[in-house]
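Computed from a predicted structure; not experimentally measured.
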Amino acid sequence: MTNKDMLVPNDPTQGTLQFQYDISCQLLDIHLTDLTDDEYSWRPAPKGLHMTYDSGIWRADWPDSESYEIGPPSIAWLTWHITYWWSMVLDHSFGDGTLQHESVPCYGSASEAIDRIYLIKNKWETAVAQLSPHELHERTRTNWPFRDKSFYELLAWLNLELMKNAAEIGYCRFLYASRNRENG
């Protein structure tokens, strides 16, 4: 989907998906605007998903579970997570379907991560804009993270995932901004 009008008249599915996507992108834009490296690399708790720098390479933590005990993620990890699932969907829906999470790069700065997110976003919009309304209802491109669903259901999942990660980035920024004011 693009921010341009790619809607087909009388197709409520496409209109709803585009509406959700646009709102999700707006929220992401709000929370990525003026993101500093300090906010990006700040850990909201001693325990939680983050990035590590090992042998000249940034690596994202990979959770063994999604339980609350793993702790909250950092913005660095959240931006990697966006590039991870978006890259995986792009590769498995429009590419050769061989990309693995270990191959999705991590970035050491906010600007690098943001640039990567918007690059992937543009690739996604270009790829989806080329699909016909009929192709949105097919299952052939739905290969990750699930199968046997129409592609429009994958688009709906992606919109939700984008909204969720954008909200998590915003929440982490609120925590960062208020961390020293609680005792004052």
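When all heavy atoms of D37 and S111 are compared, the closest pair comes out as OD1-N, 4.3 Å. Between P73 and P44, the shortest heavy-atom contact is O-CG, 3.4 Å.
Side-chain contact check for L158 versus W85: some heavy-atom pair is nearer than 4.5 Å. Residues K121 and W86 are in side-chain contact: their nearest non-hydrogen atoms beyond the backbone lie under 4.5 Å apart. In this structure, the side chains of W157 and P145 come closer than 4.5 Å at one or more pairs of heavy atoms. Inter-residue side-chain proximity for L162 and W124 is flagged as unmet; no heavy-atom pair is nearer than 4.5 Å. Inter-residue side-chain proximity for Q14 and P133 is flagged as met; some heavy-atom pair is nearer than 4.5 Å. Within the 4.5 Å cutoff, the side chain of L136 has no heavy atoms near those of the T13 side chain.
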Between side-chain atoms of residues 24-34 and protein atoms elsewhere (two or more places apart, or another chain), which donor-acceptor pairs fall under 3.5 Å?
{"unit_1": "S24", "atom_1": "OG", "unit_2": "Q20", "atom_2": "O", "d": "2.9"}
{"unit_1": "S24", "atom_1": "OG", "unit_2": "N159", "atom_2": "O", "d": "3.1"}
{"unit_1": "D29", "atom_1": "OD1", "unit_2": "Y118", "atom_2": "OH", "d": "2.4"}
{"unit_1": "T33", "atom_1": "OG1", "unit_2": "D29", "atom_2": "O", "d": "2.6"}

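When the salt bridge (charged side-chain N to carboxylate O under 4.0 Å, His left out) test is applied to R59, the partners found at least two apart in sequence or on another chain are D54. In this structure Y152 satisfies the ring-ring contact (aromatic ring centres under 6.0 Å, His included) test together with H137, sequence neighbours excluded. Partners of S74 according to the side chain to side chain donor-acceptor pair (under 3.5 Å) rule, which considers only residues two or more places apart in sequence or in another chain, are H50. Scanning for side chain to side chain donor-acceptor pair (under 3.5 Å) contacts around S65 gives S67, with sequence neighbours left out. Considering only residues two or more places apart in sequence or on other chains, W42 meets the ring-ring contact (aromatic ring centres under 6.0 Å, His included) condition with Y176. Partners of Y53 under the ring-ring contact (aromatic ring centres under 6.0 Å, His included) rule, at least two apart in sequence or in another chain, are W58. With sequence neighbours left out, R173 forms a salt bridge (charged side-chain N to carboxylate O under 4.0 Å, His left out) with E39. Legend: residues meeting side chain to side chain donor-acceptor pair (under 3.5 Å) with H92, ordered by chain and number and at least two apart, are absent. Residues satisfying the side chain to side chain donor-acceptor pair (under 3.5 Å) test with S132, not counting sequence neighbours, are E135.
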* Just do the side-chain contact (heavy atoms from CB on, under 4.5 Å) check on K123 and L90 with the steps written out, would you? => CA-CA 8 Å; K123 286 181 180 180; L90 269 168; 4.0 Å; yes
* Go through the steps to decide whether S87 and R116 satisfy the test side-chain contact (heavy atoms from CB on, under 4.5 Å), and finish with yes or no. => CA-CA 10 Å; S87 296; R116 182 65 182 165; 4.2 Å; yes
* To do: Under the side-chain contact (heavy atoms from CB on, under 4.5 Å) rule, what do F151 and R139 come out as? Steps first, then yes or no, please.
  => CA-CA 6 Å; F151 196 66; R139 297 168 184 244; over 6 Å; no
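Separating the CD atom in Q18 from the CD1 atom in I23 is a distance of 11.0 Å, to the nearest 0.5 Å. Taking CG of D61 as the start and NZ of K47 as the end, the distance is 12.0 Å to the nearest 0.5 Å. In this structure, the separation between SG on C106 and CD1 on I57 is 9.5 Å, given to the nearest 0.5 Å. In this structure, the separation between CG on L119 and OG1 on T83 is 10.5 Å, given to the nearest 0.5 Å.
Between the T79 side chain and the A76 main chain, a donor and an acceptor come within less than 3.5 Å of each other. Without hydrogens or angle criteria, E112 side chain to S109 main chain gives a donor-acceptor distance under 3.5 Å. Under a 3.5 Å cut-off, the side chain of S103 and the backbone N or O of L99 do not form any donor-acceptor pair.
Listed by first and then second residue, the salt bridge (charged side-chain N to carboxylate O under 4.0 Å, His left out) pairs that reach into residues 146-168 are E161-K164, K164-E168, sequence neighbours excluded. Pairs of residues two or more places apart, or lying in two chains, never qualify as salt bridge (charged side-chain N to carboxylate O under 4.0 Å, His left out) while including a residue from residues 79-107.
L155 and F146 end up in the same hydrophobic cluster when Ile, Leu, Val, Met, Phe, Trp and Tyr side chains are linked at under 4.5 Å. By the criterion of side-chain heavy atoms lying less than 4.5 angstrom apart, applied directly or through intervening Ile, Leu, Val, Met, Phe, Trp or Tyr residues, I70 is grouped together with I75 in one hydrophobic cluster.
A centroid separation of 6.0 Å or more is found between the aromatic rings of W77 and Y84. Remark: aromatic rings of F94 and W144 are distant, center separation not under 6.0 Å.
When each of I114, I120, N165 is tested with I82 by the rule side-chain contact (heavy atoms from CB on, under 4.5 Å), just one qualifies, namely N165.
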